[in-house]
2 protein chains.
Amino acid sequence: MSLPHMSESTEMYLKAMAELGDHPVAIARLAERLGVTPVSANEMMRRLGEQGLVTHTPYKGVTLTEKGREAAANVLRRQRLWEVFLFEHLKIEWAKIYEFACSLEHATAPEVTEALAAFLGNPKVCPRGNPIPDANGGFEPLGGRSLRETAVGKTVRVRAVNATATDVLKYLQDKGILPGQTLKVLEAAPLDGPLTLSVNGKEVALGLSMAEFVIVE
Amino acid sequence: MSLPHMSESTEMYLKAMAELGDHPVAIARLAERLGVTPVSANEMMRRLGEQGLVTHTPYKGVTLTEKGREAAANVLRRQRLWEVFLFEHLKIEWAKIYEFACSLEHATAPEVTEALAAFLGNPKVCPRGNPIPDANGGFEPLGGRSLRETAVGKTVRVRAVNATATDVLKYLQDKGILPGQTLKVLEAAPLDGPLTLSVNGKEVALGLSMAEFVIVE
DNA sequence: TGAAATAATAAGGTCAGCCATAATATTTTT
DNA sequence: AAAAATATTATGGCTGACCTTATTATTTCA
Ligand SMILES: [Mn+2]
Ligand SMILES: [Mn+2]
Ligand SMILES: [Mn+2]
Ligand SMILES: [Mn+2]
């Protein structure tokens, strides 16, 4: 057992696919998220296909195989355990934990992962509100809907924040849009314009692409 | 400030040089320690020379510049802080902490390093007995002599273990040769033969190359 | 001092993971 | 049904960090 160790690049592609939710992921979206040209992402998908980690249906998108899904879940497990450690124990700013954990995740042996999980008390969720897969890749998919699709006038509670870019996380942090926060959608501007929210008594403007990353219930 | 981020490979060469003690390091020894051919190590030394991290005097060896020394100290700082965390908090077996920390060290941002140091209570020494450089690269070089040079009949205390290979560390761990342990040199076989030690009332054979890694006082 | 050992250089390759540019193929829109 | 937009594939290149196989330089040892 124990795979011949995947490269950081491979792990990031798999994780990105898992983060981009259920299924067929357009290679262009992957490329965008990973900061790589579509041609490069295509090449990489060919390699991952040869390794049996993904299947690519041209013009439809790319899907994780079971093997790929397990590997991705394991990366997410490491990522989110480190997020817990960085936030709860090292007291690192919420907006930065994703980025720091994203480096550590690739440098973490299975034995360290499990010892870390035990040290942290086997948490089920990370500070961004996302579930932490168990050691076997088991996963309870996050319920809730995107704030983007929330009707004007509704009051909702933030369950998770799916953003990964530090500057986006920083903006959300500054505006108080964190897991557990209750907020109200005051207005949705036309033409895909921003939402206006009420958060902690303050009005906050939030573009739709950012709102998409905020999962509410 | 803040260097454009060094590759893992670069950091490992610098760290190996620092670990190989003070001065001109033979490129062949470096190559050996890093598991690389002498030709490859030579190439790498040329690159590091171009970056101002080392100076190479042909047929004499290679030396860290001040810039290289600082970078190396910083890698050692990260390495040894992680060793403390893995050993004291995650309860990972002593013989394995070097290897695991050796992965994490390259994935640790300065802000994480300092938060980790604070979390650990700014330890001055790692579980292998080596000093932890401070945030500015300050270093109190480890005193003591190698067990290899210890006269027969002497009783000494282990101050540090400089080995890095997991199997070597495992052997020393199994024989109880850990920092703080008191032991006596019973015999030194001729022709570079092994030492016979008394450790905790047991006789232990230790080859000279292993004995070299054991620093005593 | 000459031979043997060791170190350094030169030359040519490999491999992963990127890039750009250009040619096709497919889907979407008008 | 064309035209426009998007996706895919084909080529050719690049860089870092490795490797092997010479060749040359220096040091060490007999
Ligand atoms: Mn990552
Ligand atoms: Mn390392
Ligand atoms: Mn070449
Ligand atoms: Mn090619």
Side-chain angles (χ1 to χ4, degrees), chain A residues 3-17 20 23-64 68 71-72 75 102-103 105-107 191-192 209, chain B residues 3-17 20 23-64 68 71-72 75 102-103 105-107 191-192 209:
Chain A
L3 307 163
H5 190 257
M6 286 171 185
S7 70
E8 170 162 349
S9 193
T10 293
E11 289 192 339
M12 287 305 285
Y13 275 90
L14 297 177
K15 190 178 78 163
M17 289 178 67
L20 285 173
H23 271 176
V25 177
I27 291 184
R29 288 204 68 196
L30 254 189
E32 186 186 12
R33 191 176 185 102
L34 294 169
V36 129
T37 66
V39 176
S40 296
N42 250 283
E43 286 174 345
M44 194 62 174
M45 287 304 105
R46 181 181 43 69
R47 278 181 226 122
L48 297 191
E50 285 162 1
Q51 295 172 244
L53 294 165
V54 306
T55 31
H56 179 202
T57 311
Y59 301 99
K60 277 206 63 183
V62 76
T63 308
L64 291 169
V75 181
C102 188
S103 295
E105 65 192 357
H106 311 290
L191 289 175
D192 296 332
S209 34
Chain B
L3 307 163
H5 191 258
M6 285 171 186
S7 70
E8 170 162 347
S9 193
T10 293
E11 289 192 338
M12 287 304 287
Y13 275 91
L14 297 178
K15 190 178 79 163
M17 288 178 67
L20 285 174
H23 270 168
V25 177
I27 291 183
R29 289 205 67 196
L30 253 190
E32 184 185 14
R33 190 173 187 105
L34 294 169
V36 128
T37 66
V39 177
S40 296
N42 251 282
E43 285 173 346
M44 195 63 174
M45 287 305 104
R46 183 181 42 69
R47 279 182 223 120
L48 297 191
E50 284 162 1
Q51 295 171 245
L53 294 165
V54 306
T55 31
H56 179 202
T57 311
Y59 302 100
K60 278 206 60 182
V62 75
T63 308
L64 291 169
V75 181
C102 188
S103 296
E105 66 192 356
H106 312 289
L191 289 175
D192 295 333
S209 34

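First the proteins, then the strands, lettered A, B, ... as listed; each starts at 1. Keep in mind that this is a model prediction, so the values were computed, not measured. All values below come from the heavy atoms of this structure, side chains included, with hydrogens, waters and symmetry mates left out.
Atom P of nucleotide C:dA7 and atom CE of B:Met44 are separated by 20 Å, given to the nearest angstrom. Rounded to whole angstrom, the span from the CD1 atom of A:Ile27 across to the C1' atom of D:dT6 amounts to 12 Å. Between B:Met12 atom CE and D:dG16 atom C1' there is a gap of 17 Å when expressed in whole angstrom units. Here C:dG17 presents its C1' atom at 15 Å from CD of A:Glu11, a figure rounded to the nearest Å. Atom pair B:His56:NE2 and C:dA7:C1' shows a separation of 8 Å (rounding to whole Å applied). One can place CE of B:Met45 at 16 Å from C1' of C:dT9, the figure rounded to the nearest angstrom. Distance, A:Lys60 NZ to C:dT28 C1': 16 Å, rounded to whole Å. As rounded to whole Å, 11 Å separates atom C1' of D:dG16 from atom CD of B:Gln51.
At the heavy-atom level, A:Val39 lies under 4.0 Å from base atoms of the strands shown. When heavy atoms are screened at a 4.0 angstrom cut-off, A:Ser40 is found touching base atoms of the nucleic acid.
Listed pair B:Asn42 / C:dA7 fails the phosphate criterion, with no side-chain N or O lying under 4.0 Å from OP1 or OP2. Of the side-chain N and O atoms in B:Ser7, one or more sit less than 4.0 angstrom from OP1 or OP2 of D:dA17. For the pair A:Ser9 and C:dC18, the criterion of a side-chain N or O lying under 4.0 Å from OP1 or OP2 is met.
Contact check for A:Asn42 versus A:His56: side-chain heavy atoms found under the 4.5 Å cut-off. Proximity of B:Met45 to B:Met17: side-chain heavy atoms (C-beta onward) are separated by under 4.5 Å at one or more points. Side chains of A:Leu14 and A:Met6 form a contact here, defined as non-hydrogen atoms less than 4.5 Å apart.
Relative to the side chain of B:Tyr13, the nucleotides D:dA7, D:dC18, D:dT20 differ in distance, and D:dC18 lies closest.
Mapping A:Glu8 and A:Pro58 onto DNA chain C via the closest heavy atom, the residue that lands nearer the 5' end is A:Glu8.
Residue B:Arg29 places its CZ atom among 12 or fewer non-hydrogen atoms of other residues, nucleotides or ligands, all under 6.0 Å distant.
From A:Glu43, atom CD reaches atom OG of A:Ser40 across 5.5 Å, with rounding to the nearest 0.5 Å.
A donor N or O paired with an acceptor N or O is not found under 3.5 Å between the base of C:dA8 and the side-chain atoms of B:Tyr59.
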